[in-house]
Amino acid sequence: MDGIHDLGGMAGFGPIAVEVDEPTFHEPWEGTAFALNALAIGSLHAYNADEYRHAIERMDPIHYLNARYYERVLTGVASLMVEKGVVTRAELEGAARGRFPFAHPNAVVEPDGREAEPCPRFAVGDRVRVRDIHPAGHTRVPRYVRGKQGIVIHVAPRFRFPDASAHGLPPRDEPTVHVEFWARDLWGSDADEHDRVVVDLWETYLEVADGQ
Amino acid sequence: MDGIHDLGGMAGFGPIAVEVDEPTFHEPWEGTAFALNALAIGSLHAYNADEYRHAIERMDPIHYLNARYYERVLTGVASLMVEKGVVTRAELEGAARGRFPFAHPNAVVEPDGREAEPCPRFAVGDRVRVRDIHPAGHTRVPRYVRGKQGIVIHVAPRFRFPDASAHGLPPRDEPTVHVEFWARDLWGSDADEHDRVVVDLWETYLEVADGQ
Amino acid sequence: MANDSEHRGAATPEARTDALRRVLERKGLIEEGALDTLQARLEEQFDWRNGARVVARAWVDADYRERLLADGTKACADLGFTGPQGEYIVVLEDEPTLHNVIVCTQCSCTAWPVLGLPPDWYKSPAYRARVAREPRPVLKEMGLELPPEVQIRVWDTTAETRFMVLPLRPNGTEGWSEEELAAIVTRDAMIGVALVETPESG
Amino acid sequence: MANDSEHRGAATPEARTDALRRVLERKGLIEEGALDTLQARLEEQFDWRNGARVVARAWVDADYRERLLADGTKACADLGFTGPQGEYIVVLEDEPTLHNVIVCTQCSCTAWPVLGLPPDWYKSPAYRARVAREPRPVLKEMGLELPPEVQIRVWDTTAETRFMVLPLRPNGTEGWSEEELAAIVTRDAMIGVALVETPESG
């Protein structure tokens with residue numbers, strides 16, 4: 001989904017606030033929220049990591065930007081626990097003695113009909129174009145590279161395709177490739193002419209570039 | 001700037017909240033904020049409408065999404081009044097007896113070197129491509145049409161080019177054209193195949209489409 | 001994280017508005033009563049009922065309709081409706097199989113002299129973000145379920161053109177007076193999120 | 001406008017976290033003390049000082065360095081650093097004219113076993129939004145002004161690869177022990193927003 005989480009390149013944020021000698025957790029509940037997620041994924045198998053990332057993406061944009069990291073973690077865990085039927089909203093709001101903001105509902109996502117290829121489709125040096133897709137559900141292809149061309153500089157192992165995995169669709173493992181883009185191709189002439197951005201992309205997101 | 005204001009197509013907002021029998025202003029201060037802006041532009045000539053729109057765009061994204069419309073109006077007016085030297089932050093915060101959140105500072109924008117053309121460059125029926133630009137300053141070309149192709153369906157009169165006007169650069173009037181895009185070209189195959197989106201674009205944003 | 005809304009310790013929008021007004025008054029930049037006079041004048045000038053009169057006139061007067069579609073600015077001015085945000089008005093004609101809907105995805109530009117100052121939902125991030133991309137579900141959510149054969153054209157107010165929808169005249173209004181027709185036209189219909197309905201059809 | 005943060009009347013994140021924990025405990029899904037044990041184990045496992053040891057080893061051991069750059073996952077595992085978010089580690093080698101910097105624009109993915117749980121600024125919308133687009137001003141703002149001849153490569157952690165920067169070994173550290181070197185490596189340097197400095201250079 002083209003959501004608020006897809007922040008790469010968004011202008012208008014002010015300076016980056018850096019805290020000196022920052023602790024791992026600012027308050028004990030942050031560590032608890034972190035451990036709850038690890039428990040839910042690792043021990044309870046209540047959901048997978050792609051569903052978890054997408055649950056956070058489905059937070060209302062106002063809530064998403066207002067919340068710091070561990071409140072986003074908490075909201076992702078709690079939303080999925082409700083959606084999976086492990087707990088109910090009423091139970092959580094009763095125990096919290098107050099309103100418990102959850103993520104917006106999941107979109108209905110259909111399988112893309114693709115199958116895993118036996119061999120990697122791309123090799124180092126290939127010139128590729130990122131498909132200009134706008135899925136309603138989870139995706140890991142940032143808006144800022146869609147439609148752009150770059151060069152494959154590394155082929156990583158197969159990993160589960162998140163657009164399917166986040167929606168309970170038949171799982172498919174495929175290689176991801178590190179694609180290098182010129183900053184100017186992404187951000188226009190204001191960008192430094194020598195700077196580059198590397199994005200790690202599943203093969204499904206890519207097609208052979210023009211004129212190849 | 002590719003800011004939070006450029007909302008077209010962003011997913012993740014929930015239902016649209018419609019208020020029955022909504023008044024023009026919910027509280028008297030909203031009408032005051034509205035009138036203050038009209039006064040500042042129309043009578044005081046403190047700034048122009050492009051500077052005003054851009055001042056609102058420069059609000060911190062968190063503030064922007066949290067604020068309702070007239071708080072955004074107020075923040076735009078107040079930020080420009082401070083930036084133009086009409087009032088000071090200290091005066092406003094003293095009078096408000098509290099913190100007064102302003103927009104983030106303006107980017108430094110250079111003239112684009114273009115000149116107004118004597119005749120409109122495009123005519124009804126022309127196939128055009130929107131330039132894939134990402135200016136640091138004000139622009140009125142939404143991200144969702146950049147790089148996309150459409151058809152000119154109407155040529156409007158000349159209006160001041162906002163990317164210059166919002167930054168005190170030499171003014172230039174040029175026609176805007178109404179460009180019609182297929183929804184599927186913008187949003188992919190999830191969009192209705194018959195739906196279209198029309199965007200009103202200054203000529204500078206456009207180039208002749210491929211293969212013309 | 002510097003510039004948040006009042007919930008992080010800023011003065012309320014009301015206090016800030018009042019502060020700005022008072023500082024400008026103190027500097028002699030606002031004359032006694034000028035702001036109230038201006039506000040009253042603008043509120044009177046920007047009234048969506050003006051647009052309803054334009055629509056009704058176009059429904060009863062084929063010549064006016066033609067002029068309205070050819071030059072919306074002039075045709076609106078002929079009825080006395082001019083002013084800021086009405087400098088260049090383009091009227092969008094609904095057809096049985098074509099439905100127009102207006103948005104301003106980047107701010108909240110609206111043809112004030114004929115549509116008035118728009119409601120909160122029109123200015124909300126949710127409407128601005130969603131209607132350009134998924135107009136059919138948005139309209140349905142707002143109570144307007146269009147048959148699948150009706151195509152949708154979304155108009156994004158990204159420059160200085162200000163749009164107004166000329167909705168379909170509802171069945172059963174044959175012989176109605178211009179005034180009677182104006183009374184059933186709504187702002188929502190001129191934005192394109194509703195159809196005009198008669199008391200019977202509605 | 002339904003789903004806001006606590007400032008619009010929601011329970012605090014602390015109360016919500018506690019509520020979730022208690023409801024899960026009540027259902028028997030969390031065993032007595034299991035959460036505390038898990039948290040303690042993860043906090044111990046995810047320590048950026050692990051990464052500092054990897055860097056120091058690579059600086060003193062050319063063979064290890066080569067293996068680290070060829071297969072980061074295995075070379076980190078050789079020092080005992082494995083676990084969630086460390087399944088596939090790629091190490092990015094800084095050069096005198098090439099500077100690497102890491103971000104996760106879509107969430108906050110990080111190589112936990114070697115970089116630890118990242119700081120708030122790394123997870124902030126400002127860093128995620130800005131560094132992919134304007135790395136040079138961002139680095140300068142954070143105290144790292146790179147000479148113009150140094151090219152920047154930004155790595156966006158959009159899939160399952162987890163990155164770690166192998167920074168340049170600072171001048172003046174010839175003959176230092178692996179332990180002494182590990183002590184000057186910082187998490188910020190392994191993310192790429194700082195250089196490694198000696199007490200003299202810093």
Side-chain angles (χ1 to χ4, degrees), chain B residues 5-10 13-19 22 24 27 29 31-33 35-36 38-39 44 53 56 59-60 62-63 65-69 71 74 77-78 87 91-92 95-102 104 140 142 144 156-157 159 176 187 192 194-202, chain C residues 1-5 7 9-11 13-24 27 29-30 34-36 38-39 42-43 84 88 90 105-108 116-117 119-121 123-130 132-136 138 141-142 151-161:
Chain B
H5 68 284
D6 189 10
L7 285 166
M10 183 179 283
F13 292 99
I16 293 149
V18 178
E19 183 182 340
E22 182 181 332
T24 302
E27 298 176 51
W29 70 265
T32 306
L36 278 169
L39 182 100
L44 301 179
R53 288 199 190 100
I56 290 177
M59 287 171 66
D60 192 273
I62 298 178
H63 188 197
L65 285 185
N66 275 315
R68 297 209 315 193
Y69 179 73
E71 187 183 346
L74 165 69
V77 178
V87 301
E91 286 172 332
L92 291 184
R97 295 173 182 276
R99 200 165 62 75
F100 204 127
F102 297 99
H104 285 301
R140 293 287 287 180
Y144 74 82
F159 289 103
T176 72
W187 314 117
D192 188 293
H194 299 298
D195 290 349
R196 287 163 287 179
V197 180
V198 181
V199 182
D200 192 4
L201 297 163
W202 272 268
Chain C
M1 305 296 217
N3 263 329
D4 297 348
S5 172
H7 66 281
E14 179 175 14
R16 283 180 268 152
T17 304
D18 191 52
L20 178 58
R21 184 183 54 73
R22 281 185 290 119
V23 171
L24 291 172
K27 290 176 185 282
L29 294 168
I30 304 179
L35 211 59
D36 291 342
L38 177 62
Q39 185 184 332
L42 295 175
E43 278 195 72
Y88 185 64
V90 167
T105 61
Q106 306 222 328
C107 44
S108 302
L117 299 180
D120 262 10
W121 64 258
K123 300 173 286 193
S124 70
Y127 180 76
R128 291 163 51 197
R130 292 181 57 201
R133 181 185 195 127
E134 41 164 358
R136 210 169 289 265
V138 164
E141 210 178 283
M142 297 179 80
Q151 297 178 12
I152 299 177
R153 220 188 218 168
V154 180
W155 298 76
D156 192 353
T157 315
T158 48
E160 299 299 339
T161 310

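Both backbone and side-chain heavy atoms feed into the values below; hydrogens, waters and symmetry mates do not.
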C/Arg16 side chain near B/Pro101 side chain, heavy-atom distance below 4.5 Å: yes

Taking every heavy-atom pair that is under 4.5 Å apart, which of C/Lys27, C/Arg21, C/Met142 has the most such pairs with chain B? C/Lys27

Pairwise distance CD(B/Glu71) to CE(B/Met59) - rounded to 0.5 angstrom: 6.0 Å

Top contributor to chain B contacts, counting heavy-atom pairs under 4.5 Å, from C/Asp156, C/Thr158, C/Thr105: C/Thr158

Using non-hydrogen atoms only, which part of C/Leu117 is less than 4.5 Å away from chain B: side chain, backbone, both, or neither? side chain

C/Pro84 portion near chain B, given a 4.5 angstrom heavy-atom threshold: neither

Gap separating the NE2 atom of B/His5 from the CZ atom of B/Arg53, nearest 0.5 angstrom: 11.0 Å

How close do B/Glu22 and C/Trp121 get, heavy atom to heavy atom, and via which atoms? OE1-N, 4.4 Å

Does any backbone or side-chain atom of B/Leu92 lie under 4.5 Å from a heavy atom of chain C? Answer side chain, backbone, both or neither. both

Looking at C/Val154, C/Ile30, C/Leu38, which makes the most heavy-atom pairs under 4.5 Å with chain B? C/Val154

Is chain B contacted by the side chain of C/Asp18, its backbone, both, or neither, given a heavy-atom distance below 4.5 Å? neither

Region of B/Arg140 in contact with chain C, defined by heavy-atom distances below 4.5 Å: both

Count the heavy-atom pairs under 4.5 Å between each of B/Gly98, B/Ala35, B/Ala33 and chain C, then report the option with the highest count. B/Ala35

Going by an N to O cut-off under 4.0 Å, is there a salt bridge joining B/Glu19 and C/Lys123? no

Below 4.5 Å from any heavy atom of chain B, which atoms of C/Glu14 appear? Answer side chain, backbone, both or neither. both

Per-residue contact mode, C/Arg22 against chain B (heavy atom under 4.5 angstrom): side chain

Return the minimal non-hydrogen interatomic distance between C/Gln39 and B/Thr32, and the atom names on each side. OE1-N, 3.5 Å

For the pair B/Trp187 (side chain) and B/Tyr144 (backbone), establish whether a donor and an acceptor sit closer than 3.5 Å, ignoring hydrogens and angles. no

Could you tell me which of B/Phe159, B/Trp202, B/Trp29, B/Tyr69 has the largest number of non-hydrogen atom pairs under 4.5 Å with chain C? B/Trp29

Need one label for C/Leu35: side chain, backbone, both or neither, based on atoms under 4.5 Å from any heavy atom in chain B. both

Taking atom CG of C/Leu24 and atom CG of B/Leu44, what is their separation to the nearest 0.5 Å? 7.0 Å

Identify which part of B/Thr176 has an atom lying under 4.5 Å from any heavy atom of chain C, answering side chain, backbone, both or neither. side chain

Has C/Arg130 got a side-chain atom pairing as donor or acceptor with B/Gly14's backbone, closer than 3.5 angstrom? yes

I'd like to know if the side chain of C/Arg133 and the backbone of B/Gly8 have a donor-acceptor N/O pair within less than 3.5 Å. no

Answer key: most heavy-atom pairs under 4.5 Å with chain B among C/Glu43, C/Glu134, C/Gln151 is C/Gln151

